[in-house]
Protein chains: 2
Amino acid sequence: MTLVTPIQLAYEPSVETAEPAWSREEFEARLRSMESRYHIHHEFHLLMNDGKLDRAAIRGWVANRFYYQVAIPVKDAAVLSNCPHREIRRHWVQRIIDHDGTTGEEGGIEAWLQLGEAVGLPRAELLSHQHVLPGVRFAVDAYINFARRSSWQEAACSSLTEMFAPTIHQRRLDRWPEFYPWIEPEGYIYFRKRLSEARRDVVHGLQITLDTFTTRAEQNHAVGILQFKLDVLWTMLDAMWMAYVENKPPYHNV
Amino acid sequence: MTLVTPIQLAYEPSVETAEPAWSREEFEARLRSMESRYHIHHEFHLLMNDGKLDRAAIRGWVANRFYYQVAIPVKDAAVLSNCPHREIRRHWVQRIIDHDGTTGEEGGIEAWLQLGEAVGLPRAELLSHQHVLPGVRFAVDAYINFARRSSWQEAACSSLTEMFAPTIHQRRLDRWPEFYPWIEPEGYIYFRKRLSEARRDVVHGLQITLDTFTTRAEQNHAVGILQFKLDVLWTMLDAMWMAYVENKPPYHNV
């Protein structure tokens, strides 16, 4: 494991290497190969997609994941705030609109609130973030802070877990209605909506990444950034595993 | 649980309340009562202080906790950077010096490196942060970012877990030599050093907190800040529990 992970301390933007740069195709393949660490493989997610979680755990996941949903447009605003190029901002601002919505097209946050209602979580309960576990909050905040403190190209690279997202959404659409018949059908709007949006966003994020990181040291740095983002998603599920599978939420024993 | 927790999203600096302010003594007692959630009560810490962790787990704790140690002076520099009062800075800068050291008095980070060597971790291994778990990194970074984005008084309040630190250090000094005879005696310098420093820092941090947060809404806000800091410490041990007790570090199954 010699990934250059952009942690806040010990930050190393590019470690010199004598190795030649990957071609554009090799670099993209290297990034795509990191799907093996996507949170679709986390044990919490495996249980969830095999229909093995109880209602409390499903609700816990929906409520905790909502903190990530509301973070996305804030993160994307941080990306815009670091980007001096009008053309990039014109394109990137669509991500904010996708989540926050506009009149008549209420967007991803509203769709997630509908998912909440479909699993029995009143929207006031979701909006209060009362169920958000500290470990989830710290991981999501790390993603926001990364976007605040990095270049817009590095932040674009960190969004590339969207390469792996259509599969995870499709699998939920395929399997949840059978496993969790108690979830109301309106709950699935978000996953369906993201199938096409994620595919479109990937094209743009990938283009920026492949154009920006061209030496091998820079490409290694990009791999480290994507690893950081995979860590964010995996760590969120670790906290949910502790709370809803091990039944050890913070302070459970005091 | 109606604590006003200063999470990055859904930040509520002071929720109005009709309740009267606590007296200075009641407020201090309320803050001190939060010791019941200090990480000394975490199951990982209970195992550690009962001599029940193996060498790998002790080393894991030392290596992960080192990320917190090196974060402290960075956090304190953020506090100084938000403080316009020379008198406060003159006092607070001592915390940076305590950790970073000066010629002849090498400070807390050096003492922790000696602890690392005493448990069999070469200093280069500690300094590389190669053993730091993502969940630990995100929790520690949350503490740094809280200090960056809050007022210096709020950051001072967040340091008040030091009220509970002398007990935890003393207990290690009392019990580890018996339980872990393989740890070299130079390892204990850090804990001994912090016994007096923590007591001195608490006086200052507590004075700032009791002087600043005077209405009940502000006092509730201070309680929320201390809760946030307790969450940081607890969540660090959750990540170590997953990795070293459950043997489920990130990506263990892929």
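The structure presented is a predicted model; accordingly, all values stated were derived computationally and were not measured. Throughout, a chain's letter reflects where its sequence line sits, starting with A, and its residues are numbered from 1.
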request  = Just do the side chain to side chain contact (heavy atoms under 4.5 Å, CB included) check on A/W234 and B/V254 with the steps written out, would you?
outcome  = CA-CA 12 Å; A/W234 194 275; B/V254 298; 4.1 Å; yes
inquiry  = How close do A/Y251 and B/Q227 get, counting heavy atoms only, and between which atoms?
reply    = OH-NE2, 3.2 Å
key: Side chain to side chain, A/M242 and A/D238, heavy atoms closer than 4.5 Å   = no
ask   = Do A/H99 and A/Q94 have side chains that get closer than 4.5 Å, going by heavy atoms?
value =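 Of all side-chain heavy-atom pairs linking A/Q94 with A/H99, none is under 4.5 Å.
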query = B/L133, B/L46, B/T235: which one forms the most heavy-atom pairs within less than 4.5 Å of chain A?
reply = B/T235
remark   = Max heavy-atom pairs within cutoff under 4.5 Å with chain A, candidates B/Q130, B/H42, B/E246, goes to B/E246
key: Straight-line distance of A/F66 CZ to A/L115 CG, nearest 0.5 Å   =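 These two atoms lie 10.5 Å from each other.
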query = Under the 6.0 Å and 45° cation-pi test, does A/R175 pair with A/F179?
reply =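 Relative to the ring axis of A/F179, which defines the angle, A/R175 lies outside at least one limit.
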query = Do any of residues 48-62 of chain B come closer than 4.5 Å to chain A, heavy atom to heavy atom, and if so which ones, in number order?
reply =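 Within residues 48-62 of chain B, no residue comes under 4.5 Å from chain A.
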inquiry  = Please rank A/P250, A/A239, A/S36 by heavy-atom pairs under 4.5 Å with chain B and give me the top one.
reply    = A/P250
task = Indicate, with yes or no, if the rings of B/Y190 and B/W112 have centres closer together than 6.0 Å.
result =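 Distance test on ring centres: under 6.0 Å, yes.
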